[in-house]
Visitor: 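Here it is, the structure, as structure tokens.
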Amino acid sequence: MAKTHVTMRVNGSEVEGLVEPRTLLVHFIRENLALTGTHIGCETTHCGACTVDLDGMSVKSCTVFAVQAEGSEITTIEGMANADGTLSALQEGFRQMHGLQCGFCTPGMIVRAHRLLKENPNPSEEEIRFGIAGNLCRCTGYQNIVKAIQYAAAKINGTEFREAAE
Ligand code: FES
Ligand code: FES
């Protein structure tokens with residue numbers, strides 16, 4: 001099949017590649033760019049393990065063709081750490097609050113939470129749960145993910161961290 005040349009910015013760097021029109025963005029990210037933090041957990045757009053930040057939106061990259069991302073600005077989990085290599089508030093929060101177990105949902109969860117906290121810097125527990133409803137986790141039961149996001153929000157806002165009720 002004829003291939004199309006695509007260019008986009010991923011984690012601050014210009015990238016390019018030759019893709020078939022049918023190539024999913026998640027496959028372009030994982031296979032062409034070797035950014036394998038972004039995962040695939042379903043074939044029905046439910047799980048959100050493939051979530052990336054695309055032009056300021058949380059997007060399930062299994063449901064976008066790579067050609068549709070031409071010219072876009074994408075951030076994946078590999079671009080989430082601070083410039084000096086230290087963990088972002090969310091990454092730190094997930095570690096501190098034990099918001100991950102197998103780690104398979106975690107890249108998508110953190111990338112989604114990153115956008116959620118831009119959309120709503122001080123979310124309630126209910127708003128966090130609703131805000132990550134597009135991201136499934138089979139391990140944690142979500143409770144500690146909620147705490148991790150609250151931890152990160154407090155750190156970013158410079159406020160006191162208050163855990164969700166058990
Ligand atoms: S891989 Fe499950 S929503 Fe994309
Ligand atoms: S930590 Fe295993 S699926 Fe979420």
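Atoms within each ligand, like the ligands themselves, are counted from 1 in listed order. Only this structure's heavy atoms are used, side chains among them; waters, hydrogens and symmetry mates stay out. This one's a predicted model, so the numbers in the text were calculated from it and none came from an experiment.
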Visitor: Any idea which atoms of ligand 1 are less than 4.0 Å away from a heavy-atom of C62?
Guide: 1 (S), 3 (S), 4 (Fe)

Visitor: Between T38 and T76, do the side chains contain an N or O donor and an N or O acceptor separated by less than 3.5 Å?
Guide: no

Visitor: I'd like to check I149 versus F94 (side-chain heavy atoms, cut-off strictly below 4.5 Å). Are they in contact?
Guide: yes

Visitor: Could you tell me if E127 and N120 have a donor-acceptor pair between their side chains, going purely by distance under 3.5 Å?
Guide: yes

Visitor: Tell me whether L24 is reachable from V111 by hopping between hydrophobic residues (I, L, V, M, F, W, Y) whose side-chain heavy atoms are closer than 4.5 Å.
Guide: no

Visitor: So, N135 side chain and C105 main chain: donor-acceptor pair closer than 3.5 Å or not?
Guide: no

Visitor: Could you list the atoms of ligand 1 found under 4.0 angstrom from a heavy atom of G41?
Guide: 1 (S)

Visitor: Please work out whether any backbone atom (N, CA, C, O) or any side-chain heavy atom from C-beta onward of E43 is under 4.0 Å from ligand 1, and answer side chain, backbone, both or neither.
Guide: neither

Visitor: Looking at atom 2 (Fe) of ligand 1, is there an N, O or S atom belonging to C42 that lies under 2.8 Å away from it?
Guide: yes

Visitor: Mark up the atoms of ligand 1 that fall under 4.0 Å of a heavy atom belonging to C50, in ascending order.
Guide: 1 (S), 3 (S), 4 (Fe)

Visitor: May I ask you to check whether C47 brings an N, O or S atom to under 2.8 Å from atom 2 (Fe) of ligand 1?
Guide: yes

Visitor: If you count the atoms of ligand 1 from 1 in the order shown, which ones are under 4.0 Å from a heavy atom of I40?
Guide: 1 (S)

Visitor: How would you list, by chain and number, every residue that makes a ring pair (Phe, Tyr, Trp, His ring centres under 6.0 Å) with Y142, sequence neighbours excluded?
Guide: none

Visitor: Is any side-chain N of the basic residue among R9 and E14 closer than 4.0 Å to the acidic one's carboxylate O?
Guide: yes

Visitor: Run through the protein N/O/S atoms less than 2.8 Å from atom 4 (Fe) of ligand 2 and write them out by chain and number.
Guide: C105 SG, C137 SG

Visitor: With distance as the sole criterion, is a donor-acceptor pair present between the side chains of T86 and N82 under 3.5 Å?
Guide: yes

Visitor: Report the distance from atom NE2 of H114 to atom OG1 of T51, rounding to the nearest 0.5 Å.
Guide: 12.5 Å

Visitor: Apply the test side chain to side chain contact (heavy atoms under 4.5 Å, CB included) to residues K147 and E125: give CA-CA distance (whole Å), side-chain angles for both, the deciding distance (0.1 Å), then the verdict.
Guide: CA-CA 9 Å; K147 290 181 189 175; E125 178 186 349; over 6 Å; no

Visitor: For atom 3 (S) of ligand 1, what's the nearest protein heavy atom and its distance?
Guide: G48 N, 3.2 Å

